[in-house]
Amino acid sequence: MKSLVLFIAFSGSLIVTQYSFVAQLSPASAVSEAPTGFDDQTIDPAFVPQATHDADKTFFEEVENVDKDGLGPLYNAQSCRECHQNPTSGGSSQVAERRAGHRGPNGQFVSANVPVNDGQQVIVGRTLINDRAICPNAANPDIQLQEHMPDAEKIRTNRLSLNLLGDGLIEAVADQTLEDLARNECRTSKGKICGQALAVPIVEAKGKTGIGRFGWKDQHASLLSFAGDAYLNEMGVTNTLFPDEVTTLCNPKTVTEPNSQPDPKDGLEDIDHFARFIRASKAPSRDDELAATDAAKRGEKLFEKIGCGICHVATLETAKAGTSINGGKFTVPDALGSKQFHPYSDFLLHDVGTGDGIAVSVVEHYRMSRQVAELIASPTYSAKAVDDMVNCENFSFKAIQDAANKLRTPPLWGLRTHARLMHDGESLTLDDAILRHKGEAAEVTEKFKRLSNKEKPDLLTFLNSL
């Protein structure tokens, strides 16, 4: 759920190798271009008819109610649209969330301990610190539920909401494609640029994992998992995938648990509509008029020449239609299969010196028990013990911890619709965003600095066309 960051990397020579590697995955005749646009139209009426897409959009935009829908007790927003709306539903926004934690006795990252109700209860196992609460209210005037940043939680960050348009294409990229990208980057750059492909649990497929690609930390591989997580943690609405409230303080007795129930008519619940809406939404389109200018064309060549395209991969390709993904719970449809698209991202985790130090919370994002949180915080902590409790194939808690200072390469499509940049929204110009990059990006940042007074505007024109 957060904005785009300009993510630069190392040498121009790798771009051609990497771009060709991706583009040659399938014969050109078997691949078609994915449609784009901010027009609220379905990606393919044969996949999701327009009337169904419009109905799913209504679910996405619905304002949740405390007594009827189960909003809260802790939450950040009343609808998906609140955080994902610019320039249309499914886009990004200026809305940021707060996250925090600390280092444990063995140096491991531990999610924040947040006292509420005058310290009578402590919320554990979450890095998210919600900005809103449903009480004190008329029924519970003496319960002080609002979360505040604890002084003891010294690792802190804000994270901006991410664009969701086009995420159906991203979900349909094969795990192997992302793993191969990571290996290719590291090998070709001789270890200077090594994207991390993180295996994460598929919440709807118990015991299964996929390569993460959604969220600032690549914490989800499945859009249904992503939707269920956000419905609970951002809106406080429990659902089939995340059925347990963060706290029961002030929880109204007028709602069912889980709050969101399947519709008896079609068996779908809200998160199914959210996921289908995202899957059927078109990817962001370019500013074709600006992209056609000589300045933008020159800027695109510079983008590749100085090395931006190593991590901001221009073109990717989805798996073939009929491919089973998400632990066997979703099959790539014709509308998303063998599609070429242009996200300008490798969707891997990189350390470019802007990382926030916060590791993914397995309790918050993967429906793990409080006992897992207690183990992670304990003096007897070991990554292997956490792996055993999580019990998912290919899952590595050490890999989760290793990624604490890494962030996903954000796709640059739709960049021109973002007024605030980087994960924290602290960069307000493209120039500022580029110059913040260190670590794996340091050499390319230096190349950017050496561009002439004529070249730099051309590069920025290209970026503004995205």
About how many Å separate [atom2] of [Y] and [atom1] of [X], when rounded to the nearest 0.5 Å?
X	Y	atom1	atom2	answer
Thr177	Ile211	OG1	CD1	11.0 Å
His418	Leu428	NE2	CG	14.0 Å
Asn163	Thr417	CG	OG1	6.5 Å
Asn76	Asn130	CG	CG	4.5 Å
Asp431	Thr429	CG	OG1	5.0 Å
Thr354	Glu426	OG1	CD	12.0 Å

- Would you check, one step at a time, whether the test salt bridge (Lys or Arg N to Asp or Glu O under 4.0 Å) holds for Arg367 with Asp244? CA-CA 8 Å; Arg367 190 181 162 182; Asp244 300 318; 5.1 Å; no

- All pairs passing salt bridge (charged side-chain N to carboxylate O under 4.0 Å, His left out) where residues 378-387 contributes a residue, at least two apart: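 Checked against salt bridge (charged side-chain N to carboxylate O under 4.0 Å, His left out) - neighbours excluded - the pairs reaching residues 378-387 are Lys384-Asp388.
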
Using only atom types and a distance under 3.5 Å, with no angle test, would you say the side chain of [X] pairs donor to acceptor with the backbone of [Y]?
X	Y	answer
Ser225	His220	no
Asn259	Thr256	yes
Asn239	Val237	yes
Gln340	Glu317	no
Ser79	Glu82	yes
Gln371	Ser369	no

- With sequence neighbours excluded, give me every disulfide (SG to SG under 2.5 Å) pair touching residues 189-230. Cys186-Cys194

- Going through the distances and angles, do Arg370 and Glu374 end up as a salt bridge (Lys or Arg N to Asp or Glu O under 4.0 Å)? CA-CA 6 Å; Arg370 185 186 178 103; Glu374 292 170 348; 3.3 Å; yes

With no hydrogens and no angle check, do the side chains of [X] and [Y] hold a donor and an acceptor under 3.5 Å apart?
X	Y	result
Gln219	His365	no
Asn86	Ser93	no
Ser260	Glu269	yes
Glu204	Ser222	yes
His342	Thr315	yes
Ser427	Arg436	yes
Asn158	Arg98	no
Asn326	Glu171	yes

- Item | Carboxylate-amine/guanidinium proximity below 4.0 Å for Lys398 and Asp402 | yes

- Glu364 bridged to Arg99 by N-O distance under 4.0 Å: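 A salt bridge is present here (some side-chain N lies under 4.0 Å from a carboxylate O).
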
- Query: Should we count NZ of Lys282 as having more than 12 external heavy atoms under 6.0 Å?
  - Reply: yes

- Item | Atom NZ of Lys456 with >12 non-hydrogen neighbours under 6.0 angstrom | yes

- Mind checking side chain to side chain contact (heavy atoms under 4.5 Å, CB included) for Asp167 and listing every partner two or more places apart, or none if nothing turns up? Leu164, Ile170, Phe214, Leu223, Ile278

- Message: In the structure I gave you, are the side-chain heavy atoms of Asp131 and Tyr75 within less than 4.5 Å of one another anywhere?
- Response: no

- Query: Tell me, which pairs form a side chain to side chain donor-acceptor pair (under 3.5 Å) where one or both residues lie in residues 62-73, sequence neighbours left out?
  - Reply: Glu64-Tyr231

- Query: Would Glu443 and Lys192 count as a salt bridge (Lys or Arg N to Asp or Glu O under 4.0 Å) if you check the C-alpha gap in whole Å, the side-chain angles of each, and the deciding distance to 0.1 Å?
  - Reply: CA-CA 10 Å; Glu443 292 191 27; Lys192 292 185 177 181; 3.0 Å; yes

- Show your reasoning for whether salt bridge (Lys or Arg N to Asp or Glu O under 4.0 Å) applies to Arg276 and Asp56. CA-CA 7 Å; Arg276 188 168 64 186; Asp56 289 339; 2.7 Å; yes

Under 3.5 Å, side-chain donor or acceptor atoms of residues 114-125 against the rest of the protein: list the pairs with distances, not counting sequence neighbours.
{"from": "Asn117", "atom 1": "OD1", "to": "Gln144", "atom 2": "N", "distance (Å)": "3.3"}
{"from": "Gln121", "atom 1": "OE1", "to": "Thr247", "atom 2": "OG1", "distance (Å)": "3.3"}
{"from": "Gln121", "atom 1": "NE2", "to": "Thr247", "atom 2": "OG1", "distance (Å)": "3.1"}

- Task: Pick out which of Asp346, Asp175, Asp218 makes a salt bridge (Lys or Arg N to Asp or Glu O under 4.0 Å) with Arg213.
- Result: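 Testing each of Asp346, Asp175, Asp218 against Arg213, the sole residue satisfying salt bridge (Lys or Arg N to Asp or Glu O under 4.0 Å) is Asp175.
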
- In terms of ring plane angle, is the pair Tyr344 and Phe303 parallel, tilted or perpendicular, where the classes change at 30° and 60°? perpendicular

- Residues in disulfide (SG to SG under 2.5 Å) contact with Cys250, at least two apart in sequence or another chain: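 Checked Cys250 against disulfide (SG to SG under 2.5 Å); matches are Cys135.
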
